[in-house]
**Student:** 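Before I ask anything, let me first share the structure, which is written out below as structure tokens.
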Amino acid sequence: FAETEEEFKEAVKVIGMPCVVKPIMSSSGHGQSVVREEKDIDRAWQYAQEGGRAGAGKVIVEGFVDFDYEITQLTVRHIGGTSYLEPQAMSLAAKAKAREIAGKITEALGGRGIFGVELFIKGDDVIFSEVSPRPHDTGMVTMITQDLSQFALHARAVLGLPIPNIAFHGAGASRAVVVEGDSDRLSLGNLDKVLEQPDTQMRFFGKPEVHGHRRMAVLLARGLDVTEAREKTGVMMERLDVKL
């Protein structure tokens, strides 16, 4: 962690390049960048100051980690204990380790609700990345893969209601509808074709306007496996008619 530009530059020197620079609070990568050489250092500091959700201030400087893929282990703390949602397909050993780490972190944080625990997976090894104490973007897929979505689970948990089980219905995929432009009269059309395939849904976020680029909806699909589900969302995106 670095609070000043001087501390930041010292951290880059200690960790070495390449390294990742992040504001202490950000969303969807805003304010985050990679420092690969000397000329990137000043730009990375400035971008972190401008792009963070909490405004200018403390930043995080991280070294690179070698990993195969990243997962979000959605974890819900509730009146009956801690429950874990089904992540992507992975080895049983890695899944068990991911849940062990997620359990320790969320227990230390305390409180009730959904936590999005992000983890790097390398074979059967698991490395903690970060945690979001709230429903998570990647967790939107739960609206089609299980009986209680991350939002329903979050509400039950904070209200002190029981969560006796979470029924997983099958592999799914989500795809954000990112719109670019400048308009307060967005329309999404051709929905009869978008929703023609079985086990598909679209959720419109109800945002009133877009200036630049903005996620306005999410496409959801369930399939025999993740590949089939992703193919369905690809077809849905191709058929969606976006007008500004």
**Student:** Just by modelled atom types, is the L148 backbone N or O under 3.5 Å from a matching donor or acceptor in the Q146 side chain?
**Tutor:** yes
**Student:** Take T75 and V117, measure what side chain to side chain contact (heavy atoms under 4.5 Å, CB included) needs, and give me the verdict at the end.
**Tutor:** CA-CA 7 Å; T75 304; V117 183; 4.1 Å; yes
**Student:** Are the side chain of N190 and the backbone of R239 linked by a donor-acceptor contact shorter than 3.5 Å?
**Tutor:** yes
**Student:** Could you check whether any side-chain heavy atom of K13 comes within less than 4.5 Å of a side-chain heavy atom of K9, counting everything from C-beta outward?
**Tutor:** no
**Student:** Same cluster for I71 and M140 if Ile/Leu/Val/Met/Phe/Trp/Tyr side chains link at under 4.5 Å?
**Tutor:** no
**Student:** So, taking the atom named CG in D125 and the one named NZ in K97, what distance separates them when rounded to the nearest 0.5 Å?
**Tutor:**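 D125 CG to K97 NZ: 5.0 Å, rounded to 0.5 Å.
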**Student:** Are L188 and D241 packed together at the side-chain level, in the sense that at least one heavy-atom pair is separated by less than 4.5 angstrom?
**Tutor:** no
**Student:** Can you give me the closest heavy-atom contact between V59 and I24, atom names plus distance?
**Tutor:**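 The answer is N-CG2, 4.3 Å.
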**Student:** Could you list the residues that satisfy salt bridge (charged side-chain N to carboxylate O under 4.0 Å, His left out) with K193, not counting sequence neighbours?
**Tutor:**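 For K193, the residues satisfying salt bridge (charged side-chain N to carboxylate O under 4.0 Å, His left out) (neighbours in sequence not counted) are E196.
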**Student:** Judged by atom type as modelled, is there a donor-acceptor pair below 3.5 Å linking the side chain of T4 to the main-chain atoms of A2?
**Tutor:** no
**Student:** Check the pair V210, L244 against side chain to side chain contact (heavy atoms under 4.5 Å, CB included), reporting the backbone distance first and the verdict last.
**Tutor:** CA-CA 9 Å; V210 56; L244 299 176; 4.0 Å; yes
**Student:** In Å, rounded to the nearest 0.5 Å, how long is the span from CD1 of I101 to CZ of F128?
**Tutor:** 9.0 Å
**Student:** Any donor and acceptor pair, going by atom type alone, linking the side chain of K232 with main-chain N or O of P198 inside 3.5 Å?
**Tutor:**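 Checked: pair present.
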**Student:** Do you know the tightest heavy-atom contact between F151 and P135?
**Tutor:** CE2-CB, 3.7 Å
**Student:** To check you understand the geometry: which heavy-atom pair defines the closest contact between G234 and R175, and what is its length?
**Tutor:** CA-NH1, 3.4 Å
**Student:** Charged N to carboxylate O below 4.0 Å: is that the case for R99 and E86?
**Tutor:**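 Looking at R99 and E86, the cut-off is met.
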**Student:** Side chain of S132, backbone of R134: donor and acceptor closer than 3.5 Å?
**Tutor:**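 Absent.
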**Student:** Please report the shortest heavy-atom distance between C19 and I15, naming the atom on each side.
**Tutor:**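 Closest approach of C19 to I15, heavy atoms only: CB-CG2, 4.0 Å.
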**Student:** Taking atom CD of E70 as the centre, report whether more than 12 heavy atoms of other residues, nucleotides or ligands fall under 6.0 Å from it.
**Tutor:**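 Yes, the 6.0 Å shell around CD holds more than 12 heavy atoms from other groups.
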**Student:** For D66, which residues count as a side chain to side chain donor-acceptor pair (under 3.5 Å) partner, sequence neighbours excluded?
**Tutor:** K122
**Student:** Show the nearest heavy-atom pair for residues A221 and T233, with the distance to one decimal.
**Tutor:** CB-CG2, 3.7 Å
**Student:** Between E7 and E3 (side chain of the first, backbone of the second, donor and acceptor by atom type, cut-off under 3.5 Å), is there such a pair?
**Tutor:** yes
**Student:** Around E38, counting heavy atoms of other residues, nucleotides and ligands shown, do more than 12 lie under 6.0 Å from its CD?
**Tutor:** no
**Student:** Which donor-acceptor pairs under 3.5 Å do side chains of residues 152-173 form with protein atoms, sequence neighbours excluded?
**Tutor:**
from, atom 1, to, atom 2, distance (Å)
H154, ND1, I114, N, 2.9
R156, NH1, P162, O, 3.0
H169, NE2, D147, N, 3.4

**Student:** Scan residues 202-229 for pairs that pass side-chain hydrogen bond (donor to acceptor under 3.5 Å, both in side chains), counting only residues two or more places apart or in two chains.
**Tutor:**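 Those involving residues 202-229 are S28-R215, D137-R215, D182-H211, D199-R222, Q201-R203.
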**Student:** Using side-chain hydrogen bond (donor to acceptor under 3.5 Å, both in side chains), reason through E50 and H30 one step at a time and then give a plain yes or no.
**Tutor:** CA-CA 9 Å; E50 295 170 353; H30 294 297; over 6 Å; no
**Student:** Do M202 and L220 touch side chain to side chain, with heavy atoms closer than 4.5 Å?
**Tutor:** no
**Student:** Is a donor on one side and an acceptor on the other found under 3.5 Å between the side chain of T72 and the backbone of L74?
**Tutor:**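 Judged by distance alone, no pair lies under 3.5 Å.
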**Student:** Sort and list the pairs that fulfil ring pair (Phe, Tyr, Trp, His ring centres under 6.0 Å) and have at least one residue in residues 83-115, not counting sequence neighbours.
**Tutor:** none
**Student:** Kindly indicate whether the side chain of L186, heavy atoms from C-beta on, has any atom under 4.5 Å from the side chain of V242.
**Tutor:** yes
**Student:** Sub-3.5 Å donor-acceptor pair from the side chain of S91 to the main-chain atoms of A94, do we have one?
**Tutor:** yes
**Student:** Can you sort out the partners of R43 under salt bridge (charged side-chain N to carboxylate O under 4.0 Å, His left out), two or more places apart, ordered by chain and number?
**Tutor:**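 Per chain and number, R43 pairs via salt bridge (charged side-chain N to carboxylate O under 4.0 Å, His left out) with D40.
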**Student:** Applying side chain to side chain contact (heavy atoms under 4.5 Å, CB included), run through M236 and T200 and close with a yes or a no.
**Tutor:** CA-CA 9 Å; M236 295 168 76; T200 58; 3.8 Å; yes
**Student:** For the CD atom of E5 and the CD1 atom of I41, what is their distance to the nearest 0.5 Å?
**Tutor:** 10.0 Å
